[in-house]
Peer 1: 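Pasting in a structure now, in structure tokens, and then I'll have a few things to ask.
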Amino acid sequence: MLDKVNLKKTMMDPEYKQLTKSLKHELNLLQHAVKERGLPVIVLFEGWGTAGKGSMISDIILNLDPRNFKVHSTVDPTPEEKRKPFLWRHWTRVPPKGLFAFFDRSWYPEVSAARLEEKMEDEEYLRRIASIQTFERQLTDNGTVLIKFFLHLSQKEQAKRLQRLEKNADTAWRATKLDWKRNERYSRYFEAFDDMLTRTDTSWAPWHIISAQDHNSARAEVYQTLVETLQGAVEAFDRRKTEAQPFVTADPGPFTFVKAPALEEVRLDMTVEEEEYKALLKKFQKKLEKLHNRIYFRRIPVIVVYEGWDAAGKGGNIRRIAAALDPRGYEVVPIAAPTPAELAHHYLWRFWRELPKDGHVSIFDRSWYGRVMVERIEGFCTKEEWSRAYREMNEFEKELHDWGAVLVKFWLQIDSDEQLRRFTDRQNTPEKQWKITDEDWRNREKWDRYEVAVNEMLQKTSTDFAPWTIIESQDKRFARLKALKTLIQAIEARL
């Protein structure tokens with residue numbers, strides 16, 4: 001792609017000023033149209049050192065209300081950030097609806113320059129490329145406008161700019177040894193950049209490669225692209241609002257699925273006597289305590305997901321697992337209705353933010369699966385959105401698996417009669433009344449609809465890397481032991 005860029009383009013000042021005057025005015029107007037429609041916008045700049053990424057962003061934001069954007073200058077990941085999945089720090093910086101995020105470098109140096117400088121294996125390189133493609137597709141499917149620029153320079157022009165920086169005492173620090181090393185190995189970086197650009201130039205997030213040899217020509221082309229892309233996004237949004245869109249059932253993804261039983265097929269007559277329960281609980285908790293030490297030293301993250309019927313015993317089950325863990329190395333993440341800030345982002349955003357460091361444990365009391373259960377049933381998202389979510393959640397979990405995480409997913413199953421008995425007990429016991437709400441009773445009335453949704457969820461998200469485990473929770477003691485045993489087996493298999 002880079003060899004097709006015309007590096008000889010130039011533009012005189014009068015022509016530049018005349019052309020960009022109207023473009024800057026239009027950009028100023030478009031920021032308000034974007035905000036009114038709740039479109040998140042990401043504008044990222046990649047390219048050679050000294051190509052003018054920072055000055056380009058500085059010029060653009062002068063045309064915007066400072067309340068409408070945030071600028072991120074991406075540097076190499078810190079040791080703490082390296083303890084999270086590759087895309088974690090980038091997911092946490094995506095903008096909310098209606099606002100702009102400008103990236104002076106982004107996630108791309110971790111698959112271009114890092115490929116040469118960290119001697120990255122081809123397998124890891126291709127895995128990260130696939131992760132980026134998925135990340136960008138999920139964002140754009142959710143309405144994000146993603147505009148990607150690569151500022152291209154010749155080797156000779158880059159060397160001239162580095163020399164110019166060195167001659168000025170105030171800017172000499174910007175011409176680093178690494179910049180000169182990259183210039184000297186220009187052809188190798190050229191190949192790495194070109195391969196990265198080719199592999200990530202997608203229909204949903206195409207690259208705009210800009211010749212940065214001439215400042216006027218480069219800025220004019222960037223402004224033209226920004227205005228045209230934003231105008232197109234606003235027009236497309238308005239069309240979707242006024243025209244009926246055909247619904248297409250989304251594929252849950254190119255994964256290998258593990259058959260999960262339908263809820264009505266699950267036996268619920270298993271029980272454990274009190275004495276046996278106490279002995280096995282002590283044994284399993286002691287085993288889990290030892291395993292927690294091992295995963296900490298091996299830096300293996302563990303993610304436990306709890307879903308199930310209201311009053312199925314998730315809280316008590318979680319407590320028996322947590323009791324075996326070092327409190328410094330785990331966190332229970334209770335998932336409630338999303339906050340306004342969470343609603344303004346992609347629904348997976350809040351779950352990315354809660355992922356553990358390697359060697360730590362996160363236990364989710366409810367999870368991202370609310371998208372295809374409560375949000376589906378209550379109409380909090382469209383049919384297209386919850387249908388698409390099966391693939392998105394499988395992709396999310398594949399990312400966690402490839403990172404090295406142990407991922408265990410529990411569905412706690414009880415029957416309708418047992419739920420009614422537990423609801424009634426809570427309502428009639430003063431110290432338990434806080435556990436029962438009007439919403440619980442309303443959800444109970446929709447039992448049949450939830451059962452259909454849960455069965456579809458189990459079918460479409462039980463993969464070979466993140467299978468569902470059904471926990472028969474009619475007897476809470478049996479359920480607690482099965483959850484502990486399942487988690488122990490998963491950790492042992494990973495070790």
Side-chain angles (χ1 to χ4, degrees), residues 258-295 302-327 330 332 334 361 363-367 406-429 431-432 435-436 440 444 447 450-451 454-455 458 462 466-495:
V258 177
K259 182 173 175 54
L263 295 184
E264 61 269 21
E265 299 171 354
V266 177
R267 287 183 52 193
L268 294 174
D269 57 349
M270 286 79 84
T271 61
V272 175
E273 294 300 321
E274 181 72 17
E275 189 173 335
E276 182 185 6
Y277 166 71
K278 289 181 177 178
L280 287 175
L281 179 66
K282 185 177 181 180
K283 174 184 175 182
F284 290 160
Q285 287 179 330
K286 189 173 182 180
K287 179 70 172 176
L288 184 57
E289 180 183 5
K290 292 180 179 178
L291 289 173
H292 194 196
N293 289 327
R294 292 183 64 191
I295 64 167
V302 175
I303 298 166
V304 186
V305 173
Y306 274 90
E307 293 287 356
W309 297 105
D310 293 332
K314 293 183 291 294
N317 207 295
I318 289 170
R319 283 196 296 274
R320 271 60 184 190
I321 286 178
L325 304 176
D326 187 320
Y330 82 90
V332 176
V361 180
I363 304 172
F364 285 86
D365 183 356
R366 299 199 183 277
S367 68
V406 175
L407 180 56
V408 180
K409 303 186 304 191
F410 295 131
W411 173 266
L412 271 58
Q413 176 66 5
I414 57 175
D415 63 29
S416 179
D417 292 340
E418 178 63 15
Q419 186 189 61
L420 178 60
R421 188 191 69 75
R422 294 183 187 183
F423 275 16
T424 304
D425 178 60
R426 289 178 176 185
Q427 194 160 277
N428 295 335
T429 307
E431 62 268 25
K432 294 182 180 180
K435 291 184 174 183
I436 189 76
D440 293 329
R444 177 174 164 75
W447 179 284
Y450 272 97
E451 190 168 56
V454 173
N455 278 329
L458 294 173
S462 190
W468 280 100
T469 298
I470 308 296
I471 302 291
E472 301 85 348
S473 199
Q474 201 87 342
D475 177 4
K476 292 182 179 180
R477 291 176 298 208
F478 178 89
R480 292 164 186 169
L481 293 177
K482 182 171 180 178
L484 276 162
K485 186 176 181 181
T486 303
L487 178 58
I488 287 168
Q489 289 173 339
I491 294 172
E492 287 180 330
R494 175 66 177 82
L495 288 167

Peer 1: Roughly how far, to the nearest 0.5 Å, is the CD1 atom of I471 from the CE atom of M270?
Peer 2: 9.5 Å
Peer 1: Say whether, by atom type as modelled, one donor and one acceptor occur between the side chain of N428 and the main chain of T424 under 3.5 angstrom.
Peer 2: yes
Peer 1: Do D310 and R366 meet the salt-bridge criterion of a basic N to acidic O distance under 4.0 Å?
Peer 2: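 Yes, this pair counts.
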Peer 1: Do I491 and V408 have side chains that get closer than 4.5 Å, going by heavy atoms?
Peer 2: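 In short, these two side chains do not touch, never coming nearer than 4.5 Å.
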Peer 1: Carefully, step by step, assess R444 and S416 under the rule side chain to side chain contact (heavy atoms under 4.5 Å, CB included).
Peer 2: CA-CA 8 Å; R444 177 174 164 75; S416 179; 3.2 Å; yes
Peer 1: So, taking the atom named NE2 in H292 and the one named CG in L487, what distance separates them when rounded to the nearest 0.5 Å?
Peer 2: 10.0 Å
Peer 1: If the condition is side chain to side chain donor-acceptor pair (under 3.5 Å), which residues does E273 pass it with, not counting sequence neighbours?
Peer 2: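 Scan of E273 (side chain to side chain donor-acceptor pair (under 3.5 Å), adjacent residues dropped) gives none.
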Peer 1: Starting from the C-alpha separation in whole Å, work towards a yes-or-no answer on side chain to side chain contact (heavy atoms under 4.5 Å, CB included) for K409 and E307.
Peer 2: CA-CA 8 Å; K409 303 186 304 191; E307 293 287 356; over 6 Å; no
Peer 1: State, to 0.1 Å, how close L268 and I414 come at their nearest heavy-atom pair, and which atoms those are.
Peer 2: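 Nearest heavy atoms, L268 then I414: CD1-C, 3.9 Å.
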Peer 1: Among residues at least two apart in sequence or on other chains, which ones pass side chain to side chain donor-acceptor pair (under 3.5 Å) with R421?
Peer 2: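 For R421, the residues satisfying side chain to side chain donor-acceptor pair (under 3.5 Å) (neighbours in sequence not counted) are E418.
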Peer 1: Any idea which heavy atoms bring P261 and V266 closest together, and the distance?
Peer 2: CG-CG2, 4.3 Å
Peer 1: Taking atom CG of D440 and atom CZ of R422, what is their separation to the nearest 0.5 Å?
Peer 2: 13.5 Å
Peer 1: Could you measure the distance from the NZ atom of K286 to the CG atom of L291? Nearest 0.5 Å is fine.
Peer 2: 13.0 Å
Peer 1: For L412, is there any backbone N or O sitting under 3.5 Å from a side-chain donor or acceptor partner on S473?
Peer 2: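 A pair under 3.5 Å: no.
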Peer 1: Can you tell me how far apart CG (L288) and CZ (R320) are? Round to the nearest 0.5 Å.
Peer 2: 14.0 Å
Peer 1: Taking side chain to side chain donor-acceptor pair (under 3.5 Å) as the test, write out the residues that go with E289, two or more places apart.
Peer 2: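 Applying side chain to side chain donor-acceptor pair (under 3.5 Å) to E289 gives none.
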Peer 1: For D326, check side chain to side chain donor-acceptor pair (under 3.5 Å) against everything at least two apart and list the hits.
Peer 2: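 So D326 forms a side chain to side chain donor-acceptor pair (under 3.5 Å) with R328.
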Peer 1: Quick one: closest heavy-atom pair of N455 and A262, and the distance?
Peer 2: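 That would be OD1-CA, 3.5 Å.
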Peer 1: If a pair satisfies side chain to side chain donor-acceptor pair (under 3.5 Å) and one of its residues is in residues 474-492, list it, with sequence neighbours excluded.
Peer 2: E274-R477, Y277-R480, K287-E492, D415-Q474, E472-K482
Peer 1: Please find the pair of heavy atoms, one from I295 and one from V361, that lie closest to each other, and give the distance.
Peer 2: CD1-CG2, 3.8 Å
Peer 1: Going by the rule ring pair (Phe, Tyr, Trp, His ring centres under 6.0 Å), which residues pair with F364 if we only count those two or more places apart in sequence or in a different chain?
Peer 2: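 Expected list: W368.
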Peer 1: Taking all non-hydrogen atoms of both residues into account, name the closest pair between F410 and W468 and its distance.
Peer 2: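 Of all heavy-atom pairs spanning F410 and W468, the closest is O-CZ3, 3.4 Å.
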Peer 1: Check the angle between the aromatic planes of W309 and W447 and answer parallel, tilted or perpendicular using the 30° and 60° thresholds.
Peer 2: parallel
Peer 1: For the atom pair CG (L458) and CD1 (I470), what is the distance rounded to the nearest 0.5 Å?
Peer 2: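 That separation rounds to 4.5 Å.
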